[in-house]
> 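Here it is, the structure in full.
Order of the sequence lines sets the chain letters (A, B, ...), proteins ahead of strands, with each chain counted from 1.
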Amino acid sequence: MIGGMSVWAALVLSIYGACMQRLDATPKQTGAEEPSPRTPDLVAIAKASDLVFVGTVVQRGAPPSFWSGRIPAYQAVTYRLDDLLKGPALRGKVVVEHLVVGGSATAEPGDTPALSATMFAAGSRLLVFATRADERWVGWNDVCGAVPYDAKVVASVRAALRP
Amino acid sequence: MPPASPAASPTPTPTATPPPTPAPFTPGAGFEISGSAADKASFNAMVGAEMARSPSFKALVEAINADSAHPTKLDLGRNQAGIFVDGFVGGKMDLTDIEKWPTDPPADHPHAMTQGQNLAHVLSEAHQKALGQAYAAAHATAIGDENRYRHDRGQTSSLRLPPNDVVLGTGGSVVFQFDNGYKEQVGRDAAGTSITGITRNEPPTPTP
């Protein structure tokens with residue numbers, strides 16, 4: 001617990017806060033179906049992504065030996081695909097290579113390059129955004145490439161992605 | 001005595017005059033550079049030389065140098081833990097890695113990467129970070145700047161846009177991918193953070 005708040009809840013606030021901060025230039029949606037204030041940023045990311053899904057972490061691959069910089073560093077995460085919001089009709093397990101950027105919302109704190117062990121712990125349910133890169137799925141967003149599952153956010157993203 | 005006619009004069013053999021060594025770069029208020037005096041001197045000499053080679057590189061450095069409102073931070077060093085060429089956060093830059101690339105493409109590998117190309121990327125990305133960009137956006141901008149440097153040097157191919165710019169290769173190597181099919185494989189040491197060798201793979205020759 002962190003000041004009465006669970007680690008997971010603190011992570012949720014941290015990640016969504018980071019998304020808002022980084023993407024505050026994204027135009028806000030208006031209208032009767034206006035989603036909650038934090039969702040427009042994720043809607044923009046979802047629209048720019050090739051694959052959007054709710055998944056449960058099965059396992060994390062080996063962490064990279066360096067932080068992203070001139071050369072991007074990735075760590076693979078295997079998900080069980082629970083709910084496909086956008087993309088090809090995938091089933092079963094999906095492997096997404098996530099960027100590992102020091103100090104980012106999705107990275108493990110400290111000096112050792114790795115994805116957040118808390119956020120990407122086996123069994124964690126996440127909303128994942130990925131881009132097709134040749135034969136790979138890449139989480140090409142160090143701030144919001146994956147966010148903790150939130151039913152309202154998922155509903156808003158799904159609604160925004162409807163044709 | 002009448003002057004000898006030009007036709008009778010032996011044509012002097014031209015002697016190659018080495019180009020003057022460019023002056024080292026002098027960082028201004030747009031840079032916050034830390035590191036040893038020797039590393040700073042190496043960095044400034046490298047930047048000065050590349051400014052003389054590439055107009056776009058010169059413009060990039062001058063723009064950064066003038067941006068005192070968003071100082072670009074670089075922490076120069078060699079073989080730092082967890083750093084392969086450089087790190088987006090913290091601004092660490094491994095000069096030993098950068099120096100593994102040649103200043104000019106080898107004659108038999110016209111699409112090869114150079115020190116200047118990598119330096120352009122590192123400086124551009126670090127400046128984008130100073131401007132508040134997240135990594136993904138900063139990295140994409142930096143690829144644009146390094147490709148402009150390549151074109152200044154007469155190289156016709158471009159590094160592919162992310163996330164197709166780099167993939168993992170065999171034996172822990174990383175492979176840079178270019179839009180003409182050229183691939184440059186960079187080997188890494190056991191720790192995975194230092195360059196052990198560079199293998200240049202020319203694009204496949206088109207079949208008639």
> With a cut-off of 6.0 Å (strictly less than), are more than 12 heavy atoms of other residues, nucleotides or ligands near NZ of B:K73?
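It does not: B:K73 NZ has 12 such atoms or fewer within range.
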> Tell me if the NZ atom of B:K58 is crowded by more than 12 foreign heavy atoms within 6.0 Å.
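No, NZ of B:K58 has 12 or fewer neighbouring heavy atoms, counting only those of other groups under 6.0 Å.
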> Is any side-chain heavy atom of B:H139 closer than 4.5 Å to a side-chain heavy atom of A:P72?
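Side chain of B:H139 against side chain of A:P72, heavy atoms only: contact under 4.5 Å found.
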> Could you have a look at B:D86, B:V186, B:V89 and say which one has the most heavy-atom pairs with chain A under 4.5 angstrom?
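Top count of heavy-atom pairs under 4.5 Å with chain A: B:D86.
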> Checking side chain to side chain contact (heavy atoms under 4.5 Å, CB included) between A:R70 and each of B:L119, B:V85, B:D97, which is the one that passes?
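Exactly one pass, corresponding to B:V85.
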> Applying side-chain contact (heavy atoms from CB on, under 4.5 Å) to A:F66 and B:Q80, what does each step give before you reach the verdict?
CA-CA 10 Å; A:F66 58 93; B:Q80 306 97 316; over 6 Å; no
> Where does B:A191 contact chain A at under 4.5 Å (heavy atoms): side chain, backbone, both or neither?
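Contact with chain A involves the backbone of B:A191 alone.
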> Is any side-chain heavy atom of B:Y135 less than 4.5 Å from a side-chain heavy atom of A:S104?
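SC-SC contact between B:Y135 and A:S104 ruled out.
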> Under the salt bridge (Lys or Arg N to Asp or Glu O under 4.0 Å) rule, collect the residues that match up with B:K183, sequence neighbours excluded.
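Here no residue qualifies.
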> Between A:V138, A:T112, A:T131, which shows the greatest number of heavy-atom pairs under 4.5 Å with chain B?
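Going by pairs under 4.5 Å, I would pick A:V138.
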> Of all the heavy-atom pairs spanning B:A136 and A:D142, show the shortest one and how long it is.
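That closest heavy-atom pairing would be N-OD1, 3.3 Å.
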> Are the side chains of B:R188 and A:S65 in touch, meaning some heavy atoms are under 4.5 Å apart?
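Result yes, sub-4.5 Å side-chain heavy-atom pair found.
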> Tell me, out of A:V101, A:D111, A:L99, A:D134, who's got the most heavy-atom pairs with chain B below 4.5 Å.
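The option with the most such pairs is A:D134.
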> Between B:V166, B:N164, B:I83, which shows the greatest number of heavy-atom pairs under 4.5 Å with chain A?
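Maximum pair count with chain A is reached by B:N164.
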> Report which part of B:L161 has an atom under 4.5 Å of a heavy atom belonging to chain A: side chain, backbone, both, or neither.
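Neither the backbone nor the side chain of B:L161 comes within 4.5 Å of chain A.
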> How many angstroms lie between atom CH2 of A:W67 and atom OG1 of B:T193, to the nearest 0.5 angstrom?
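Reported value, rounded in 0.5 Å steps: 14.0 Å.
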> Go through the atoms of A:I71 and report whether side chain, backbone, both or neither lie under 4.5 Å from a heavy atom of chain B.
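Looking at A:I71, backbone and side chain both touch chain B.
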